[in-house]
Amino acid sequence: MIKLQVIHGPNLNLLGLREPAIYGNQTLADIEQTLVAEAEMLAATLSCFQSNSEGALVDCIQATFGQKDGILINPGAYTHTSVAIRDAIAAVGIPTVEVHLSNIHQREAFRHHSYIAAVAVGQICGFGADSYRLGLQALVRHLKGC
Ligand code: DQA
């Protein structure tokens, strides 16, 4: 069984309420429910973690070392600022897929750069809540060597 860690960064706990025109109407609980069902079909298990705090996200990434096979992460605004999250992903060396609900490349210039992209297997953005599901599929396919 493939073991995955799903990590959500700051303000993603407000999904459903937060700028629905950009981020959609689904809550984080809705998204996680879809991911659990999808993971089951892919013979994977997943744990989910959300924090608004950069240090807690780094701690969660560090805790995956030797415990998880892959990480699916939406680092939220820390995508564009956090060398610490990037370094934590590089340190554990666990295949990581970066996802975003919105198409960050179509938005403000400060969202165009991701500190995470260079240490990720790949990035999926712009498909709303579906970015998570597509990211999960891509991560599992990568881990299975498809
Ligand atoms: C986001 C995009 C980020 O720029 C933003 O700060 C978020 C959400 C997304 O999922 O589209 O919080 O990661």
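We're numbering straight along the sequence, starting at 1. These numbers come from the heavy atoms of this one structure, side chains and all, not from hydrogens, waters or symmetry mates. Every number for a ligand or one of its atoms is a count from 1 in the order of the listing.
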Protein heavy atom at shortest distance from [atom]:
| atom | value |
| --- | --- |
| atom 4 (O) of ligand 1 | His80 NE2, 2.7 Å |
| atom 1 (C) of ligand 1 | His100 ND1, 3.7 Å |
| atom 9 (C) of ligand 1 | Leu101 N, 3.4 Å |
| atom 5 (C) of ligand 1 | Arg111 NH1, 3.3 Å |
| atom 12 (O) of ligand 1 | Arg18 NH2, 3.0 Å |
| atom 11 (O) of ligand 1 | Ser102 OG, 2.6 Å |

Would [X] count as being in polar contact with ligand 1, using the rule that some N or O on each side must be under 3.5 angstrom apart?
| X | result |
| --- | --- |
| Ala77 | yes |
| Asn74 | yes |
| Ile104 | no |

**Message:** Has Thr64 got a side-chain atom pairing as donor or acceptor with Ile61's backbone, closer than 3.5 angstrom?
**Reply:**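 A pair under 3.5 Å: yes.
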
**Request:** Give a yes or no on whether the backbone of Leu15 and the side-chain of Thr27 come within a donor-acceptor separation of less than 3.5 Å.
**Result:** no

**Fill in**
CD of Gln62 to CD1 of Ile94, rounded to nearest 0.5 Å, is 11.0 Å

**Prompt:** Rounded to the nearest 0.5 Å, how far apart are OG1 of Thr81 and OH of Tyr115?
**Reply:** 8.0 Å

**Prompt:** Taking the six-membered ring for Trp, are His100 and His80 parallel (under 30°), tilted (30 to 60°) or perpendicular (over 60°)?
**Reply:**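 Answer is parallel, since the angle falls under 30°.
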
**Prompt:** Is the Lys NZ or Arg CZ of Arg18 less than 6.0 Å from the centre of Tyr23's six-membered ring, within 45° of the axis?
**Reply:**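 Yes, a cation-pi geometry holds between Arg18 and Tyr23.
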
**Asked** Quick one: does Tyr78 get a heavy atom under 4.0 Å from ligand 1?
**Response** no

**Asked** Stepwise, does the side chain to side chain contact (heavy atoms under 4.5 Å, CB included) test hold for Lys68 with Leu46?
**Response** CA-CA 9 Å; Lys68 304 288 181 186; Leu46 53 85; over 6 Å; no

